[in-house]
Every structure is written in C-alpha cells, then in structure tokens.
**Student:** 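My questions all concern the structure below.
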Amino acid sequence: MTYVTFPQEKSLDFVAIGRLCIDLNANEIHRPMEETMTFTKYVGGSPANITIGMSRLGMKTAFIGKIANDQMGRFIATYLERNAIDTSNVVTDRTGAVTGLAFTEIKSPTDCSILMYRDNVADLKLTPDEVQESLIANAKVLLISGTALAQSPSREAVFQALNYAKKHGAIIVFDLDYRPYTWISPEETAVYYNLAAEKCDIILGTREEFDMMEKFEHNPEKDDHITAAKWFDYSAKIVIIKHGKDGSIAYTPDGVGHRAKSFPAKVVKTFGAGDSYAAGFIYGVMQGWTLEKSMEYGSAAACIVISSHSCSDAMPTAAAVDDYIERCNRGEITAS
C-alpha cells in the first residue's frame, strides 16, 4: 500500500534545511574525552548527514543552510559539492558567526557522548529571505530537522521553507533531532516542535523525543498509538517511533504498526545511526517499496555507519547497502 505519493515532475529529489557543523570524532576510542588527544574532522549535523546519505544512494540533492566565513565553513561547502549536493542555497554568514563543533567521545560501542559548541553558530543565522523558493518548488522532498527551530532567525527560515513546500506540493519529512542544549526551555521546545510537525507528511523520532513534544498532553503510558494518532489529524501519513535496541515502528493512518527485521553490526559507536536510517528509509519509500522493506534498508544503512568511525564519510551507496543485507542473510556478519 502506498501511503505517500511523491511529485514525479520535480527534477530535484531531496532538499534539506538546517544544521551544518563539524564533527570531531575521537581517534583514541575506549577512552574518556579527558584523555583523548587527537580527533578526526568530518562534516556533521543531522540534516547534512541525511542529505549526504541520500546523495550517496543516487538521489539528486540540495541543501539550504548557512556556513561561517572561515576555513571550517569552506571545508563544509567543498565537502557537500564533492558529494554532488547542490550548494546554491548554502549562504555564507557575514556577521562573524562561527562553525558549530561536536566533539565525540567513544568509550565503548554503547557508551558514547557528544560535547557540543553551539554559541553564535552560523547555521542558526539563516534568515527567511535567504531561503530560495525556486529550489523548494523544484524538489520532491523537503526535510527539516528540529535543531534549526531552536533559535531565531533560523526558526522563521524553517517555517518559511515549510510554507514553500506546502505551496509547491513537496513531501515534508521532519527528523525530530532534539538537542536540549540549544533550547531555552522544554516548554518552548514542545510548542515549536508541535507547530512544525502539524505541517509534515513523515515524522521520525525516538520515543523520548515524542515524549518531549507531549509535555502539554496526557499520554502517561507513553502509548505509541496515541502519539501517532494525533498527527494523522494533521498532514502526517507515516509516523516512525524509534525504540533503540527494540527497533522502530512505523505507524500509518489505518492504525497499523509496521515493523521490520534488524541486522547485526560490529558496533564502533552509536551516533550517526538515526541519520543513516532516515536516508535509507526515505530512499526506500521514494522507490515505492513497502514500509517494511524501506525500514530494513534504513536499518542496514545504519549498521554500516555505526560500524565505522565517521558519520558523513561512512554514509553508504545503494550497492553497499544491498551487499550488507545479502551478507547478513548469508550469516557472514554477526553482532560484535
């Protein structure tokens, strides 16, 4: 059954808006950050990673965002261009804002943390008038991510992008991507997340992220069905609620909860899984696959990324995902 129909006449498959930053991943793994001396630099930010993932899977992609007028900003722009991502709407900041940094700590495959530097960052300086309507008008999918809603003027820029997407018939995907340190209060977060979610066709997030959105609502049992049902009264056609090791469930307006099998992985670190899962899942849905097959594809893509040191660099091609699934099915890959 087809839950979402994508506008086929558009020449651009996918455009995302939001955070562009630098990931500095610890080279000395199995150590606390206090003892880590060297890091490897990668492009980061959930919407950036998802866009890179979509591009690697063969989709025609673009990004809407703002970068610092410095070496880090130029590194990001060059990396996106090398990955065949249209950067015509990646704006350079002129106010002296800096590039956000995310230092990662990899103590063990299950004990990972991120130390973020997010003061005066360029990506939150994107203004509504810098969002190109023509780019969104030409796209089948617009992806927004929650972090971009945390501050003005980026917040207004996202809502302007949502208006353009609605006007021109793009399918809107909301990756909740909740990062508490960018927000003033839980109340502010809940209000703006809900306002954005009302406009979206596909919503993806963890159970904890949906709990945050329900601050003003009554769902004491944290019931997925109650959570998902609310959004079907608005624009949503698919709501994916992720439960960590217990897997993900895709809910649809017919009340069905779709589950898919997961795959083993030799885990190096946990971050990056959500971004690669989103890219694989959206790619699958755009191919017209069932939700279960799309979720499996996302799960396999996530396994590849968490088995690697990087996030953006590790985003797999379609051939790599297909190969991973085949090898898992043959029993050649087992969990670490």
**Student:** Donor-acceptor pair, distance only, cut-off 3.5 Å: does the side chain of Thr182 make one with the backbone of Arg179?
**Tutor:** yes
**Student:** Under a 3.5 Å distance rule, please check whether Arg56 uses its side chain to pair with a backbone N or O of Thr317 as donor and acceptor.
**Tutor:** no
**Student:** Would you say the side-chain atoms of Thr2 pair up with the backbone N or O of Val4, donor to acceptor, closer than 3.5 Å?
**Tutor:** no
**Student:** Is there a side-chain contact between Ile203 and Leu176 (heavy atoms, below 4.5 Å)?
**Tutor:** yes
**Student:** Would you please say whether a donor-acceptor pair under 3.5 Å links the side chains of Ser235 and Glu198?
**Tutor:** no
**Student:** Heavy-atom distance under 4.5 Å between the side chains of Val305 and Pro316, does that happen here?
**Tutor:** yes
**Student:** Check whether the side chains of Ser55 and Asn83 place a donor and an acceptor atom closer than 3.5 Å, and report yes or no.
**Tutor:** no
**Student:** Charged N to carboxylate O below 4.0 Å: is that the case for Glu28 and Lys107?
**Tutor:** no
**Student:** For Thr270 and Pro109, work out which heavy atoms get closest and say how close.
**Tutor:** CG2-O, 3.1 Å
**Student:** Between Tyr297 and Tyr283, does the ring centroid distance fall short of 6.0 Å?
**Tutor:** yes
**Student:** Side-chain heavy atoms nearer than 4.5 Å, only ILVMFWY residues, links allowed to pass through others: does that put Ile64 and Leu80 together?
**Tutor:** no
**Student:** Could you walk me through whether Tyr193 and Phe174 pass the ring-ring contact (aromatic ring centres under 6.0 Å, His included) check?
**Tutor:** CA-CA 9 Å; Tyr193 264 80; Phe174 189 4; 5.5 Å; yes
**Student:** Before giving the answer on salt bridge (charged side-chain N to carboxylate O under 4.0 Å, His left out), spell out for Arg259 and Glu292 the whole-Å C-alpha distance, their side-chain angles and the decisive distance to 0.1 Å.
**Tutor:** CA-CA 6 Å; Arg259 290 179 179 268; Glu292 288 80 2; over 6 Å; no
**Student:** Contact between Tyr251 and Ile240 at the side-chain level, heavy atoms closer than 4.5 Å - yes or no?
**Tutor:** no
**Student:** Group every Ile, Leu, Val, Met, Phe, Trp and Tyr by side-chain heavy-atom contacts under 4.5 Å, then state whether Phe263 and Val321 land in the same group.
**Tutor:** yes
**Student:** Which atom pair, heavy atoms only, marks the closest approach of Ser113 to Glu105?
**Tutor:** OG-OE1, 2.6 Å
**Student:** Tell me whether the NZ or CZ atom of Arg118 lies within the 45° cone about the ring axis of Tyr181 and under 6.0 Å from its centre.
**Tutor:** no
**Student:** So, Thr227 versus Asn219: side-chain donor-acceptor pair below 3.5 Å or not?
**Tutor:** yes
**Student:** Determine yes or no for a side-chain-to-main-chain donor-acceptor pair under 3.5 angstrom, with Thr206 supplying the side chain and Glu209 the backbone.
**Tutor:** yes
**Student:** Salt bridge (charged side-chain N to carboxylate O under 4.0 Å, His left out) between Asp86 and Lys60: does it pass, once the steps are laid out?
**Tutor:** CA-CA 8 Å; Asp86 180 343; Lys60 191 172 181 188; over 6 Å; no
**Student:** What verdict does the salt bridge (charged side-chain N to carboxylate O under 4.0 Å, His left out) test give for Lys237 and Asp201, after you've listed the backbone C-alpha separation in whole Å, the side-chain angles of each residue and the deciding distance to 0.1 Å?
**Tutor:** CA-CA 5 Å; Lys237 311 294 188 297; Asp201 301 285; 3.7 Å; yes
**Student:** What is the distance from atom CD1 of Ile136 to atom CD1 of Ile17, rounded to the nearest 0.5 Å?
**Tutor:** 6.0 Å
**Student:** Is the closest side-chain donor-acceptor distance between Tyr234 and Asn194 under 3.5 Å?
**Tutor:** no
**Student:** Distance check, rounded to the nearest 0.5 Å: Leu57 atom CG versus Asp13 atom CG?
**Tutor:** 11.0 Å
**Student:** Are Val173 and Trp289 in one and the same hydrophobic cluster, where Ile, Leu, Val, Met, Phe, Trp and Tyr link if side-chain heavy atoms are under 4.5 Å apart?
**Tutor:** yes
**Student:** Around atom CG of Asp119, are there more than 12 heavy atoms of other residues, nucleotides or ligands at under 6.0 Å?
**Tutor:** no
**Student:** Out of curiosity, Lys167 NZ to Leu162 CG, how far, rounded to the nearest 0.5 Å?
**Tutor:** 14.5 Å
**Student:** So Ser262 and Ser299, side chain to side chain contact (heavy atoms under 4.5 Å, CB included) or not? Walk me through it.
**Tutor:** CA-CA 6 Å; Ser262 56; Ser299 175; 3.9 Å; yes
**Student:** Might you point out which heavy atoms bring Leu142 and Ala161 nearest each other, and give the distance in Å?
**Tutor:** CD2-O, 3.6 Å
**Student:** Can any side-chain N or O of Ser308 pair as donor or acceptor with the backbone N or O of Ile304 at less than 3.5 Å?
**Tutor:** no
**Student:** Among Asn27, Asp313, Asp23, which residue satisfies the side-chain hydrogen bond (donor to acceptor under 3.5 Å, both in side chains) criterion with Thr40?
**Tutor:** Asn27
**Student:** Evaluate the criterion side chain to side chain contact (heavy atoms under 4.5 Å, CB included) for residue pair Lys140 and Leu12; output intermediate values, then yes/no.
**Tutor:** CA-CA 6 Å; Lys140 295 173 185 172; Leu12 191 63; over 6 Å; no
**Student:** CE/Met315 to CD1/Ile52 distance, rounded to the nearest 0.5 angstrom?
**Tutor:** 7.0 Å
**Student:** When you look at Lys222 and Asp211, which way does the salt bridge (charged side-chain N to carboxylate O under 4.0 Å, His left out) test go after all the steps?
**Tutor:** CA-CA 7 Å; Lys222 301 180 179 180; Asp211 292 344; 3.6 Å; yes
**Student:** Is there a donor-acceptor pair closer than 3.5 Å between any side-chain N or O of Ser108 and the backbone N or O of His30?
**Tutor:** no
**Student:** Considering all heavy atoms of both residues, which atom of Arg94 and which atom of Asn69 are nearest to each other, and what is their separation?
**Tutor:** NH1-ND2, 3.3 Å
**Student:** Centroid-to-centroid, His258 to Tyr3, below 6.0 Å?
**Tutor:** yes
**Student:** Over all heavy atoms of both residues, which pair between Arg19 and Pro47 is shortest? Give the atoms and the distance, please.
**Tutor:** N-CG, 3.4 Å
**Student:** Assess whether side chain to side chain contact (heavy atoms under 4.5 Å, CB included) is satisfied between Val15 and Asn138, documenting all intermediate values.
**Tutor:** CA-CA 9 Å; Val15 60; Asn138 204 27; over 6 Å; no
**Student:** Could you go step by step and tell me if Lys269 and Thr104 meet the side chain to side chain contact (heavy atoms under 4.5 Å, CB included) rule?
**Tutor:** CA-CA 10 Å; Lys269 47 93 172 99; Thr104 64; over 6 Å; no
**Student:** In this structure, are over 12 heavy atoms from other groups packed under 6.0 Å from Glu221 atom CD?
**Tutor:** no
**Student:** Does a sphere of radius 6.0 Å around CZ in Phe103 hold more than 12 heavy atoms from other residues, nucleotides or ligands, not counting ones at 6.0 Å or beyond?
**Tutor:** yes
**Student:** Verify the cluster assignment for Phe210 and Ile238: are they in a single hydrophobic cluster under the rule of side-chain heavy atoms below 4.5 Å apart?
**Tutor:** no
**Student:** May I ask you to decide if Pro32's main-chain N or O and Thr36's side chain share a donor-acceptor pair within less than 3.5 Å?
**Tutor:** yes
**Student:** For side-chain hydrogen bond (donor to acceptor under 3.5 Å, both in side chains), just list the numbers for Thr87 and Glu81, CA-CA rounded to whole Å, side-chain angles, deciding distance to a tenth of an Å, and then say yes or no.
**Tutor:** CA-CA 7 Å; Thr87 59; Glu81 287 160 7; 3.0 Å; yes
**Student:** Can a donor-acceptor pair be found, under 3.5 Å and without considering hydrogens, that links the side chain of Lys10 to the backbone of Ala137?
**Tutor:** yes
**Student:** Are the side chain of Glu130 and the backbone of Leu126 linked by a donor-acceptor contact shorter than 3.5 Å?
**Tutor:** no
**Student:** Return the minimal non-hydrogen interatomic distance between Ala26 and His309, and the atom names on each side.
**Tutor:** O-NE2, 2.6 Å
**Student:** Assigning hydrophobic clusters by single linkage (Ile, Leu, Val, Met, Phe, Trp, Tyr; side-chain heavy-atom cutoff under 4.5 Å), is Ile282 placed with Tyr277?
**Tutor:** yes
**Student:** For Tyr42 and Asn25, test the side chains for any donor-to-acceptor distance below 3.5 angstrom and give the result as yes or no.
**Tutor:** no
**Student:** Is a side-chain N or O of Gln8 found less than 3.5 angstrom from the main chain of Phe6, in a donor-acceptor match?
**Tutor:** yes
**Student:** Let me confirm one number: the OH-CZ distance from Tyr164 to Phe159, rounded to the nearest 0.5 Å.
**Tutor:** 15.0 Å
